[in-house]
Structure formats: C-alpha cells, structure tokens
Amino acid sequence: MSIVTASPVPRNYEVIPKTSLDGSELDGELLEVAMGPQHPSTHGVFRMDVVLDGETVVKLKPVFGYLHRNHEKIAENTSYLGSMPYTDRLDYFCSLTNNWAYALAVERLAGLQVPERAEFIRIITAELTRLQNHTSVCGFLLQDMGALGTPLMYAFREREKILDLFEALTGARMMCNYMRFGGCRCDLPPGWLDRVRKIVDDFPRFLDSYEALLNTNEILLARTQGVGRLPRALAISAGITGPMLRACGVDYDIRKVDHYGIYDRFEFRIPLGEHGDVYDRYMIRLLEIRESLKILQQALKAVPGGPVIDPKAKLRGFRPKAGEAYGRIEGPKGELGFYLISDGSPNPYRYRVRPPSLINLTILEDMCLGQSVADAVVTLGSVDIVLGEVDR
Amino acid sequence: MIEEGLKNELAKQGVVLTTLQELYNWGRGNSVWPLSFGLACCAIEMMAASMAKWDIARFGSEVFRPSPRQADLMIVAGTVTKKMAPQVVRLYNQMPEPKYVIAMGACAISGGPFKQGYNVLKGIDRLLPVDIHIPGCPPRPEALLHALITLQKKIETQALTGPNRPRHLDAAAPSEFPVPEFGEHDIVPAMNPRLWKPTPVVR
C-alpha cells in the first residue's frame, strides 16, 4: 500500500461529523491512499483510491483498466467460434458459464436448437462451476478478514475435485472452451457422471463442516454483520444482479426469470437475504450452493442419451443472418450477458459483454462510505469481482 | 576441491564437507519467497500451487509476501497491460537483490492470445530480466513447480566470485530498470534495449 499525501481535500462534514473527546473539532488532514493495483486484498489488479479521515472512508474512487485486454475488439475481428476461447478468460473462475452465455447469444442469433443431452450437460457443468466459484469466494472473503489459510485451503481442496472433473470432460482445468453453438464439443467420458454423483453426495458434508467452523464465528459476525450495507432501492436502480442483489431481498434470478436452458424442469429455491450486508452475501452464497446441489441431484438422475450437438450446426464458415441477439444467464456472479450484432459476415459487427462484476462494483463507494478502511476491504471481497471480467 | 566419492564416503561416517558457496546457494535456493502478485488467470493457478493439493511449501516457497521488500521472486502471473507495465517494473525495482523473475503463462511470455490487442505488452521480457519462462494458458500448477525447481537449480550453480557471478554480486550490473511512462501511442520506452532485442526479420 503506497501512501500519498494529497493536497488538502475539502472536508465533507455531511458524510462524517467530526467528533473528539471534549466535543471540539479536531484538526487534521485527510489522507489519500491508493490501495492497489498491487495489494493483497484487491483480488487482482484493481485499485481503490480511498480518502481517509483517520480510519474512516470519506471518498472512494475505483480505478479500473489494469487488465483491459481488448476482449471485445479482438472478438469483433475474429470469427464467432474464434471468440469462444476468449470467453474462458473473462471470468477465469467460471469459464463454463461464460461459454454458455456466449453460446446462448449465438444460438439466439442463428436460431440453433440444442439437443436434450447437451442441455443437461450444460446445466451440470454450470452448477458445478457455481459450486466451485462460491466456495472459493467465501474462502477469499475470509482471507480478507484475516483468516489466512484455513478456509481458503478447504475451499480450494473442494475446488480441485471439481476442476478434476472439468479436466476429464474438457481437457483443461480452467480454460474449458467446451460449449459450441448448438451443443457441446464432445460427449461425456465414461464414468464421468458417477464421479459427479460422488462429489455431489460428498459436498454437503464439506459444507456442514465449513458452516460449523465459520457461520457463528464471533470474528466473522463482528466483521460482516451490518458492514457494507446496500439499500434495496439502490441495488435495483444500479442494476446489481446475482447474490449481491438477492442478499438485499430482491427475488431476481435469471434462471427463474428468463427460462433459459431447461431450468424450468428442476425444483430449486432462490435464497434471499434481508439486510444486504456482507454477512447476508456470504450466507446467500452458501445457501445457493445447497440449491445447486439439489439441481445437480435432479439433473444427474435424468441425463438422456443422444447427440450432444445439433447435427445441423455448422462450426466452420459459420455466418449467421444479419440481426441482433442478447443471451444472458445467471452466472455465479450475476447476470452475464452477451450482445451480438451480425451483419451477415463471419465476424460479429458488434460484440458486447455485460459483465456482472463490473456493474456490481459500481456501487462500491456507496457501500463503503462512513466505514473503516478495513471494512472497505471486506466489502470489496463480498462483491466477488474477477478483474478479467471487470476490465475485459 | 574434494572429489564427490570421498565426500559421499565421509557423509556416511557423519562428516559433512561443503563449500561456503554450496551452503549459501542451498540456503537461498530452498527459501525463495515469491511476491504475492497476481495479474490475471495464471494467478489462480499460482494460488492453486500454494494450496494443499500441490503444496509449494515442499519447495520452501509457501511464504507469499505482499510487500516487494520481502520477496525474492516475482512470478509475473498473467497478462501485463500497458497500464500495468510501469507498476510491474516499479515493483521489481523495489525488490531487494538477489531477485528472480518467472514469466508464467503465454501472456507474460509474449502477450499470448491477447497479443494483437492494443493495450497488451508483448512479453514482460522486454522490460525485465526473466529467468524462467513457463508456457501454457494457464500453465498447470505442476508447471509452476517445475519452473521453481529449475530456478533452484539455477541458483545452486551460481558462483559467488569470478566473471560468471550473478547480477547481485556484480556492482556494475544494474539492479533497477527504467520504469516506462505513458507516451503518445505506447509506453515509453516500449522495451529495454539492454534486455530485449527484436528478432531480425530474415526474408
């Protein structure tokens, strides 16, 4: 953390009334701290310029762009299929859901049908992705609070099991590049579903021990309850999605709202928070894991046979008709959408990503004002950002 | 110089003979502390390498230091953009000697899949002296461990004196490198000519 003494900033008395022991106003300068781009708790190369009055955050300016990799521009200069590997690198924790969102957009653009078996595989892989993303995020959140090591170690132990499944299915641990327009790239390897079943059966045991260890931990409660509170109205008007929004008590899940894939066939509930603070966001993620497990158990019972890709789908020389389409899914971080405009050429005319991380990050200042700088770190951790997606 | 056979024979009798150089390099090589510095996707694999399954602690490198002042090794894990490149060089300059650099992944080596992007540095070896390159997108944790072992081997062979002595023992060798600034079209300088020379095009 590098400390920069700024020129005196006019003090904002409305935000924080200055008090001292004898009631008279203390004199002091505000301190401007640049947290990041290299900081252990900024989750990559994000930078927060915080103005501090003592320990209290008076102003917070997020600075993006340290990982701007020209994703959209590159995608506009390559074929539709050529962008599929790049979508893996958007939110590098959840490559399979990114693949799905992009494939969905192209399928809507070209009017492709997805075979039944592929829909099941998509749901299984997407929910597994949600499992590993949410467990890792809870681990990182606790690491930001100072629980160095243990919770993250446990989370990564479970994550590695799921990554082994992805590797068996797609050949890569993180950059899966598995979905194709109109289905999936290859069929399941033999015995894969049994391996998934075993992990799904074992997962609740891990969750129980994780929750027993942490949920009522005094430090966790003190550091998260009432911290980083997000008002419901602000969350809606700022376009927040995903667990962040549901922690404020808004019942909005694209899986239920948009009826994409075959989520309609499964029974699952949407956990909702009440206070919209960091603790609710943490609990919502743990509860969502349990709901994902329910979906997985139902899906694993019913995987049908058949092809995994629409035989009419054309991979080489793919040219959709001129038009536009928006495909969105409920990614682990929120609404992940791809907006495509086609002019009939092999490349998209416009390719736009709606990144949940970036939009969820826009209200960071509102959540952090008036709190201590240590709480700002925890609040950022609870937003669940991945810089590959924020900056693209 | 004691021959290897005699040394082994003595070791069996409980007499350990070594040179100061071997002892010094053994100690340095087995306690390489990396800077906890993640840039992009590869950082997750770097973290995975430090977790239980791969356990980088077996090689003495589990102590990821957030401060460059306490680190020996910079793992450039991910895409270096032109906005980030000055900070990467500045962090490297703040590390104390002896210091080493691992370029992890295709992006850090050459820009990788994002090479054609307007904002991506085409390889960190243009600005920093890279010791080990790891290919892969992202490289598996095993690859990072292999790179670490390769680095340890390199450290073990470094002579303390003589013309082949490493940079940190050579007073004339630079220990800091110029930090690029934002120019009109690109970072200035776009590369360090002492470290990187463009490959001549042969037609």
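In what follows, every heavy atom counts, from backbone to side chain, and hydrogens, waters and symmetry copies are set aside. Lettering follows sequence order; numbering is per chain, from 1.
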- prompt: Where is the tightest heavy-atom contact between B:Thr81 and A:Tyr66, given as atom of each residue plus distance?
  reply: OG1-O, 2.7 Å
- prompt: For B:Ala43, is it the side chain, the backbone, both, or neither that has a heavy atom closer than 4.5 Å to a heavy atom of chain A?
  reply: neither
message: I'd like to know whether the aromatic ring centres of B:Tyr118 and A:His68 sit less than 6.0 Å apart in this structure.
response: yes
task: Using atom types as modelled and distance alone, determine if a side-chain donor or acceptor of A:Gln38 lies under 3.5 Å from a backbone N or O of B:Pro66.
output: yes
- prompt: Do B:Glu45 and A:Arg173 have side chains that get closer than 4.5 Å, going by heavy atoms?
  reply: yes
Portion of A:Phe93 that has a non-hydrogen atom of chain B nearer than 4.5 angstrom: side chain
query: With a 4.5 angstrom heavy-atom cut-off, which part of B:Pro86 approaches chain A: side chain, backbone, both or neither?
result: neither
query: Atom CE of A:Met175 and atom SG of B:Cys41: how far apart are they, to the nearest 0.5 Å?
result: 3.5 Å
message: Quick check on the interface: out of B:Thr79, B:Val120, B:Leu35, who has the most heavy-atom pairs with chain A under 4.5 Å?
response: B:Thr79
message: Please identify, among A:Lys73, A:Arg157, A:Arg89, the residue contributing the most non-hydrogen atom pairs under 4.5 Å to chain B.
response: A:Arg89
- prompt: Using 4.0 Å as the upper bound for N to carboxylate O, is an ion pair formed by A:Asp164 and B:Lys53?
  reply: yes
task: Report yes if some heavy atom in the side chain of A:Phe64 is under 4.5 Å from a heavy atom in the side chain of B:Lys83; otherwise report no.
output: no
- prompt: Considering only heavy atoms, which portion of B:Ser67 lies under 4.5 Å from any heavy atom of chain A: side chain, backbone, both, or neither?
  reply: neither
field: Contacting region of B:Leu91 [heavy-atom separation from chain A under 4.5 Å]
entry: side chain
message: Please classify the contact between A:Leu67 and chain B as side chain, backbone, both or neither, with a heavy-atom cut-off of under 4.5 Å.
response: both
task: Output, in order, the C-alpha distance, side-chain angles, deciding distance and verdict of side-chain contact (heavy atoms from CB on, under 4.5 Å) for B:Phe37 and A:His39.
output: CA-CA 8 Å; B:Phe37 174 52; A:His39 187 275; over 6 Å; no
Closest-packed option against chain A by number of heavy-atom pairs under 4.5 Å, given B:Ala52, B:Gly38, B:Pro113: B:Pro113
query: Tell me, side chain or backbone of A:Met153 under 4.5 Å from chain B's heavy atoms, or both, or neither?
result: both
- prompt: When heavy-atom pairs shorter than 4.5 Å are enumerated against chain A, which of B:Leu39, B:Asn119, B:Val80 gives the highest number?
  reply: B:Asn119
query: Side chain, backbone, both or neither: which part of A:Glu72 has a heavy atom under 4.5 Å from chain B?
result: neither
